[in-house]
Amino acid sequence: MTIAFDIDGTWGTDPWTFAAVADLFTKRGWTVIVVTGAHQPTAKLARMEIDRYPVVYALGVLKRDAARASGYSVNVWVDDMPGTIEPCRILADSHV
């Protein structure tokens with residue numbers, strides 16, 4: 001299984017917790033990657049303990065497509081802006 005984390009607005013909100021969670025997934029045999037839509041300075045990646053994971057840059061393309069182009073098939077996404085991952089799906093409220 002592969003899990004992909006976003007940086008800005010996600011991992012960056014609590015780097016220590018996200019690093020611990022990512023480490024737990026790794027220990028359980030998951031592949032952990034980071035997929036971001038923005039260029040990230042090397043020092044920032046190190047400070048947030050992201051530099052131990054592959055970082056995929058989705059600059060101008062959907063994150064799913066960037067991950068696939070880098071050889072990853074992501075099973076779980078952790079992202080504050082899901083509309084950047086794949087074409088948006090509109091979910092209807094069944095109570096309307």
Side-chain angles (χ1 to χ4, degrees):
M1 301 289 283
T2 299
I3 186 167
F5 292 93
D6 172 52
I7 297 175
D8 297 318
T10 305
W11 191 299
T13 62
D14 188 346
W16 184 88
T17 297
F18 276 95
V21 168
D23 286 346
L24 180 60
F25 274 99
T26 300
K27 288 176 185 170
R28 297 291 302 160
W30 287 57
T31 298
V32 172
I33 65 171
V34 175
V35 184
T36 181
H39 176 73
Q40 303 292 332
T42 304
K44 178 181 176 181
L45 298 177
R47 185 178 67 253
M48 292 183 163
E49 300 183 41
I50 293 171
D51 58 345
R52 66 183 96 178
Y53 303 107
V55 177
V56 175
Y57 290 94
L59 305 174
V61 299
L62 293 170
K63 290 179 179 181
R64 177 194 61 191
D65 297 340
R68 285 182 180 166
S70 295
Y72 298 102
S73 178
V74 177
N75 304 97
V76 176
W77 292 90
V78 181
D79 198 305
D80 67 314
M81 295 178 63
T84 63
I85 298 169
E86 62 184 13
C88 294
R89 299 181 187 139
I90 298 173
L91 304 176
D93 184 350
S94 62
H95 300 296
V96 175

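All values derive from a computational prediction rather than experimental measurement. The chain is numbered in sequence order, starting from 1.
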Mind checking whether Tyr57 and His39 have parallel, tilted or perpendicular rings, split at 30° and 60°?
-> parallel
Of all pairs that satisfy salt bridge (charged side-chain N to carboxylate O under 4.0 Å, His left out), the ones with a partner from [range], not counting sequence neighbours:
range: residues 11-21; result: none
range: residues 27-43; result: none
range: residues 15-25; result: Asp23-Arg52

Sequence neighbours left out, what passes side-chain hydrogen bond (donor to acceptor under 3.5 Å, both in side chains) with Thr84? Give chain and number order.
-> none
For Arg47, all residues meeting side-chain hydrogen bond (donor to acceptor under 3.5 Å, both in side chains), sequence neighbours excluded | none
Checking Thr13 side chain against Thr10 main chain: does a donor-acceptor pair fall under 3.5 Å?
-> yes
Hey, does the side chain of Trp30 reach the backbone of Ile3 with a donor-acceptor pair shorter than 3.5 angstrom?
-> no
When clusters are formed from ILVMFWY side-chain contacts under 4.5 Å, directly or step by step, what else is grouped with Val61?
-> none
By the rule that ILVMFWY residues connect when side-chain heavy atoms come within less than 4.5 angstrom, directly or transitively, which residues belong alongside Trp16?
-> none
Heavy-atom closest pair (Ala19 atom, Met48 atom, distance to 0.1 Å) is CB-O, 4.4 Å
Please round to the nearest 0.5 Å and tell me the distance separating atom CZ of Phe25 and atom OG1 of Thr31.
-> 12.0 Å
Separation of Gln40 CD from Ile7 CD1 (nearest 0.5 Å) = 4.0 Å
Within a reach of under 6.0 Å around CE of Met81, are more than 12 heavy atoms found that belong to other residues, nucleotides or ligands?
-> no
Side-chain donor-acceptor pairs under 3.5 Å in residues 65-77, sequence neighbours left out?
from	atom 1	to	atom 2	distance (Å)
Ser70	OG	Ala66	O	3.2
Asn75	OD1	Thr2	N	2.7

Heavy-atom side-chain contact between Asp79 and Val35 under 4.5 Å = no
Of Asp6, Val56, Thr36, the one forming a side-chain contact (heavy atoms from CB on, under 4.5 Å) with Lys63 is Asp6
Pairing residues for Asp8 by the salt bridge (charged side-chain N to carboxylate O under 4.0 Å, His left out) criterion, not counting sequence neighbours = Lys44
Hphob cluster co-occupancy, Ile33 + Val55, side-chain heavy atoms under 4.5 angstrom = no
ring-ring contact (aromatic ring centres under 6.0 Å, His included) filter on Tyr53, not counting sequence neighbours, yields none
